[in-house]
Amino acid sequence: MEELIKQTASQQRKALLNKEVSAVELINEEYKRIENIDAQIGAFNSLCKEQALETAKKVDEKIAKGEALPPLAGIPLALKDNINLKGTKTTASSKILENFVSPYDATVSLKLKENLIPVLGKVNLDEFAMGSSTENSAFKITRNPWDTNKVPGGSSGGSAASVSGFEATLALGSDTGGSIRLPASFCGIVGVKPTYGRVSRYGLIAFASSLDQIGPFARCVEDAALLLEAISGYDKHDSTSLNLPVPAYSKALTKDIKGSKVGVIKELLAQGVAPDVKNAVEAAIQKYKDLGAEIVEISLPLLEHSIGVYYILATAEASSNLARYDGVKYGYRTQEAKNLLEMYTKTRAEGFGDEVKRRIMLGTYALSAGYYDAYYKKAQQIRRLIKEDFDRAFEKVDILVSPTCPNTAFEIGSKISDPLSMYLTDIGTISANLAGIPGMSLPCGHDADGMPIGLQILAPALGEEKMLNMAYAFEQATDFHKKQPRI
Ligand code: GLN
């Protein structure tokens with residue numbers, strides 16, 4: 001049983017169908033694991049046992065009757081605590097939403113229900129998904145299962161740590177500038193940010209609406225493909241969702257990549273990359289060559305501006321999205337206000353953490369009269385140029401590869417007082433959000449301390465099938481994903 005919770009979704013499915021274990025037993029075993037280990041990891045903000053067991057019971061009933069089951073039915077999942085699930089607390093790891101209970105389901109949560117995927121609970125994040133280490137949560141820090149003195153990455157640190165620490169088999173996170181790919185890379189698992197609009201954002205607590213996407217975490221590419229398939233699709237509640245059919249992503253995993261063109265992003269392998277990371281990614285490129293791909297060097301000269309552009313656009317959008325937390329309709333309200341204005345200002349001063357306040361101030365400044373043209377408008381123009389750089393690159397190659405992050409997981413506390421160095425961890429990931437293209441991270445090695453290294457794969461918009469198959473071919477030809485933390 002202990003072994004089973006460390007396995008992939010497809011292995012667990014086999015055990016369910018062969019009646020070696022029931023879905024209820026599997027969920028109970030996960031809760032036992034969470035009880036034993038989560039004090040060391042700190043992944044979960046809250047549990048929803050009743051809901052999870054109810055779903056598991058439905059799965060068992062179907063198995064008993066011999067009815068057909070959706071591919072991930074009964075497989076335990078952890079949900080990022082900025083995604084609404086009816087009847088559960090959705091806090092965004094912020095004091096301002098500490099006691100907020102979701103009155104409705106996010107579209108992805110409904111899809112999980114339709115697919116009979118039990119949600120174990122809600123997992124920690126940087127407050128409002130702002131951060132790269134999960135140290136910005138108002139409640140607690142989450143630790144990396146590979147070394148609990150290190151961060152799991154962020155902002156979906158709880159999602160990645162729960163899967164990597166065997167507290168869940170699958171997880172959902174959100175990625176605005178790398179928040180799925182970075183923690184996947186730091187925790188040695190697979191994480192996918194889909195094309196902008198591929199997955200509905202309805203019911204996701206908005207951070208920067210032109211960049212946010214929900215996506216899967218899993219222990220292997222196949223599981224990630226299955227989960228992506230389950231959550232993708234058009235939604236009338238999200239006008240930015242794409243009205244296009246959803247391919248059967250798992251069927252695209254053929255391993256056949258002969259003749260594919262792999263672009264190597266020159267700038268992301270240049271200076272500032274840790275030697276172990278560089279070596280692992282170069283070895284991965286060699287592996288692609290051995291598997292029959294053609295390697296092409298690609299230069300994306302505007303990439304160096306992506307962090308600056310992102311921190312103008314993301315903060316501007318955040319300052320607007322977060323205006324709704326004023327103590328009136330929902331969430332925290334100060335006890336001490338003498339009048340309405342004081343109620344607003346005190347509620348926000350007491351309810352938001354430092355990083356969120358920093359973003360609101362930066363964003364408000366970028367949007368203010370007289371500065372709009374110099375900052376926001378210019379950033380939008382450069383965003384367009386970055387997208388066009390990618391368009392040109394994808395005329396020459398099928399996918400682009402790079403390190404997901406220039407370094408492996410860092411020590412807890414080492415970057416928290418230096419926001420700029422924290423922001424720089426996103427240099428590899430942010431541009432995909434600016435361009436709206438899909439990206440993913442998968443294990444490609446370990447550094448001298450045994451910490452996981454992630455390979456990032458980017459593809460043109462709606463190129464998920466190609467991207468996943470390229471990842472699958474690499475995974476099946478290597479053993480990196482099989483190494484697990486000893487926690
Ligand atoms: N680390 C980036 C930030 O702090 C990205 C966060 C995210 O993708 N949600 O904004």
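Every heavy atom of this structure was used, including side-chain atoms; hydrogens, water molecules and symmetry mates were not. Order of listing sets the numbers, starting from 1, for every ligand and every atom in it. Positions are given from 1, in the same order as the sequence printed here.
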Exercise. Is there a heavy atom in Tyr311 that sits closer than 4.0 Å to ligand 1?
Worked result: yes
For this session: Would you kindly specify which portion of Ser179 sits under 4.0 Å from ligand 1, judged on non-hydrogen atoms: side chain, backbone, both or neither?
Result: both
Problem set entry | Proximity of Phe100 and Tyr325 rings by center, below 6.0 Å | no
For this session: Evaluate the side-chain proximity of Ser299 to Glu267: yes if any heavy-atom separation is below 4.5 Å, no if none is.
Result: yes
Exercise. Side chain, backbone, both or neither: which part of Tyr310 comes within less than 4.0 Å of ligand 1 when only heavy atoms are counted?
Worked result: side chain
Exercise. Any N or O of Gly131 that comes nearer than 3.5 Å to an N or O of ligand 1?
Worked result: yes
Exercise. Can you find a non-hydrogen atom of Ala314 under 4.0 Å from ligand 1?
Worked result: no
Exercise. What atoms in ligand 1 come closer than 4.0 Å to a heavy atom of Gly178?
Worked result: 8 (O)
For this session: Taking only heavy atoms of Ser155 into account, list the atoms of ligand 1 that are under 4.0 Å away from them.
Result: 9 (N)
For this session: Please list all pairs passing the salt bridge (Lys or Arg N to Asp or Glu O under 4.0 Å) test where one or both residues lie in residues 149-176, with sequence neighbours left out.
Result: Asp147-Lys150, Lys150-Asp449, Asp175-Arg181
For this session: If the plane angle is over 60° it's perpendicular, under 30° parallel, otherwise tilted; pick one for Tyr310 and Phe207.
Result: perpendicular
For this session: Could you check whether the rings of Tyr376 and Tyr372 sit parallel, tilted or perpendicular, using 30° and 60° as the cut-offs?
Result: tilted
Exercise. Taking N or O atoms only and a 3.5 Å limit, does Arg359 qualify as a polar contact for ligand 1?
Worked result: yes
Exercise. Got an N/O contact under 3.5 Å between Asp426 and ligand 1?
Worked result: yes
Problem set entry | Under 3.5 Å: donor-acceptor pair, side chain of Arg383, backbone of Leu434 | yes
Problem set entry | Phe207-ligand 1 polar pair, N/O distance under 3.5 Å | no
Exercise. Side-chain contact, heavy-atom cut-off 4.5 Å: Asn45 with Lys89?
Worked result: no
Exercise. Hey, does Ser132 come in under 3.5 Å of ligand 1, counting only N/O atoms on both sides?
Worked result: yes
Seminar exercise, completed: ligand 1 to Gly177, heavy atom cutoff 4.0 Å, flagged ligand atoms 5 (C), 7 (C), 8 (O)
For this session: Identify the residue among Leu125, Asp126, Ile141, Asp354 that makes a side chain to side chain contact (heavy atoms under 4.5 Å, CB included) with Asn136.
Result: Asp126
Seminar exercise, completed: Within 4.0 Å of some non-hydrogen atom of Ala129, the atoms of ligand 1 are 6 (C), 7 (C), 9 (N)
Seminar exercise, completed: The single option from Arg348, Glu350, Lys346 that satisfies side-chain hydrogen bond (donor to acceptor under 3.5 Å, both in side chains) with Thr334 is Glu350
